[in-house]
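Please read all numbers here as calculations on a predicted model, not as lab measurements. Quick note: numbers below take in every heavy atom, side chains included, and nothing from hydrogens, waters or symmetry partners. Order of listing sets the numbers, starting from 1, for every ligand and every atom in it.
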Amino acid sequence: MTKMTSRVFNFSAGPAILPEVVLEQIQSEMLSLPGVGSSVLEISHRSKDFDEILNDATSRIAELTDLPDTHEVLFLQGGSALQNVMMPMNFLTEKTQTADVIVTGAWGKKTAAEVSRFGNLNIAWDGGDSGYNKAPQQNELQLTPNAAYCHLTSNETIHGVKYWDLPETGDAPLLVDKSSDLFSEPIDIKKYGLIYACAQKNAGIAGVNVLILKKELLDRCDDRLPSYLDYSKHSKAGSRFNTPPTFAIYVTGLVCKWLQEEKGGLARISQFNQDKASLLYKEIDQSNGFYSGHAEKADRSIMNVVFTLQTEDLENQFLTEAAEAGLTTLKGHRSLGGIRASIYNAMPMEGVESLAQFMADFARKNG
Ligand SMILES: Cc1ncc(COP(=O)(O)O)c(C=O)c1O
């Protein structure tokens with residue numbers, strides 16, 4: 001049971017809300033991990049005790065995602081920003097090769113910008129003309145024959161756009177930024193070359209990036225790469241090329257345990273997430289234009305619900321009154337404005353119900 005007595009409902013896009021039971025476990029184990037006698041903050045990353053933490057987090061991710069033998073889990077640092085650099089460095093090794101990037105929002109745009117430093121960039125589709133409010137259909141993509149890879153962002157956190165159906169990319173491996181929707185729904189890992197996600201939204205806390213990598217791609221990593229930026233070095237070292245973010249990995253393990261034991265796995269959490277999102281979208285759709293959703297209906301995110309009101313003054317009033325009601329961090333990203341409710345796995349139904357009720361009352365009073 002979630003007890004929210006002294007806590008607000010925090011709709012931050014990230015770092016974001018964590019399951020309360022995870023916070024409680026961290027608190028109860030902070031001075032001494034059971035059977036260890038030291039805090040997780042104090043143990044060596046080469047110790048047997050940390051082996052257990054790392055193995056536990058890895059195997060829970062494997063269980064949750066039905067990880068096939070063809071893929072492996074890695075824990076890296078540097079956030080998703082570093083992945084934008086490592087992908088072209090590792091997989092776009094010849095100047096003549098091209099990477100296709102599908103741009104459905106601000107994060108895809110950042111990924112594309114890094115590609116052009118290392119090789120040819122082909123923007124296979126860009127939703128900028130319509131303000132990044134949708135994902136493309138397959139027949140709209142301008143894919144390159146023999147591309148080194150194709151990249152997309154499965155959930156654009158700022159624009160609230162979800163790429164529901166993965167595109168067909170032929171032999172080009174699909175590299176996907178799942179920073180804001182990893183673990184939000186079942187996933188067919190075989191379809192991906194690389195998945196990466198900064199943990200601070202749906203998989204833990206800032207400091208660790210969860211990667212799921214197709215092992216055969218490691219053959220492409222060039223020995224001349226700076227060691228730290230070479231995926232194969234991290235793979236060979238089992239995510240311990242240097243001191244890994246031990247505490248962040250421990251928290252990811254606890255979040256996965258919560259997903260498995262309390263939330264019933266990814267199929268169940270996906271239904272829960274859809275139920276939560278549909279409560280908010282319903283308020284938007286039945287408000288007679290008082291609220292306008294940013295994304296087109298078919299491409300709406302179930303993690304980040306992004307909408308506007310008619311004026312900035314009204315939005316500011318909405319944010320102030322919402323915060324007074326214990327509904328916080330609802331301001332849209334500075335580049336887009338408006339309102340954004342991030343409702344990751346850990347956001348309880350009560351939080352979303354409170355926000356939906358607040359939206360209905362606010363519209364009635366001010367419409
Ligand atoms: C989809 C997406 N990609 C990348 C990032 C950047 O992650 P980081 O700050 O860990 O580099 C974020 C979040 O901030 C995100 O939402």
Side-chain angles (χ1 to χ4, degrees), residues 10-18 74-89 99 101-115 117 126-128 132-135 149-164 166 174-185 187 192 194-212 228-229 234 239 244-245 247-249 251-252 255 273 277 294-295 299-306 329-336 338 340-347:
N10 170 10
F11 292 90
S12 167
I17 188 168
L18 284 161
L74 287 178
F75 298 100
L76 302 191
Q77 302 184 62
S80 291
L82 186 62
Q83 289 313 303
N84 284 339
V85 177
M86 285 179 73
M87 287 182 291
M89 271 190 135
V101 179
I102 303 171
V103 182
T104 51
W107 293 111
K109 217 171 160 184
K110 284 191 195 244
T111 304
E114 296 290 349
V115 168
R117 296 174 193 273
D126 188 318
Y132 296 119
N133 67 347
K134 59 184 176 180
Y149 62 82
C150 178
H151 181 280
L152 63 88
T153 309
S154 55
N155 185 69
E156 278 285 353
T157 323
I158 293 175
H159 295 89
V161 170
K162 169 86 171 164
Y163 209 127
W164 285 100
L166 290 180
L174 199 50
L175 313 191
V176 177
D177 179 352
K178 288 194 76 65
S179 294
S180 48
D181 67 349
L182 183 67
F183 304 148
S184 68
E185 61 191 349
I187 182 163
Y192 298 81
L194 170 68
I195 291 163
Y196 60 96
C198 48
Q200 67 266 23
K201 297 165 194 298
N202 219 20
I205 59 168
V208 69
N209 211 277
V210 178
L211 276 83
I212 300 179
Y228 196 77
L229 301 177
H234 289 282
S239 297
F247 182 63
I249 293 171
V251 177
T252 291
V255 168
N273 288 330
H294 179 74
D299 302 318
R300 282 173 163 175
S301 165
I302 56 166
M303 296 280 98
N304 313 96
V305 177
V306 177
T329 339
L330 282 159
K331 196 172 170 51
H333 189 267
R334 59 191 181 282
S335 62
L336 190 65
R340 169 172 56 174
S342 296
I343 49 172
Y344 300 119
N345 289 348
M347 174 58 68

Residues that Lys134 engages under side-chain contact (heavy atoms from CB on, under 4.5 Å), provided they are two or more places apart: Trp125, Ser130, Glu296, Asp299

Between Asp181 and Tyr344: side-chain donor-acceptor atoms closer than 3.5 Å: no

Side chain to side chain donor-acceptor pair (under 3.5 Å) partners for Asn155, two or more places apart: Ser180, Ser301, Asn304

Donor-acceptor side-chain pairing of Thr329 and Asn10 below 3.5 angstrom: yes

Within the 4.0 Å heavy-atom sphere of ligand 1, strictly under, residues: Gly79, Ser80, Ala81, Trp107, Thr153, Asn155, Thr157, Asp177, Ser179, Cys198, Gln200, Lys201

Pair Glu114 + Lys109, salt bridge at N-O below 4.0 Å: no

Residues in ring-ring contact (aromatic ring centres under 6.0 Å, His included) contact with Phe247, at least two apart in sequence or another chain: Tyr250

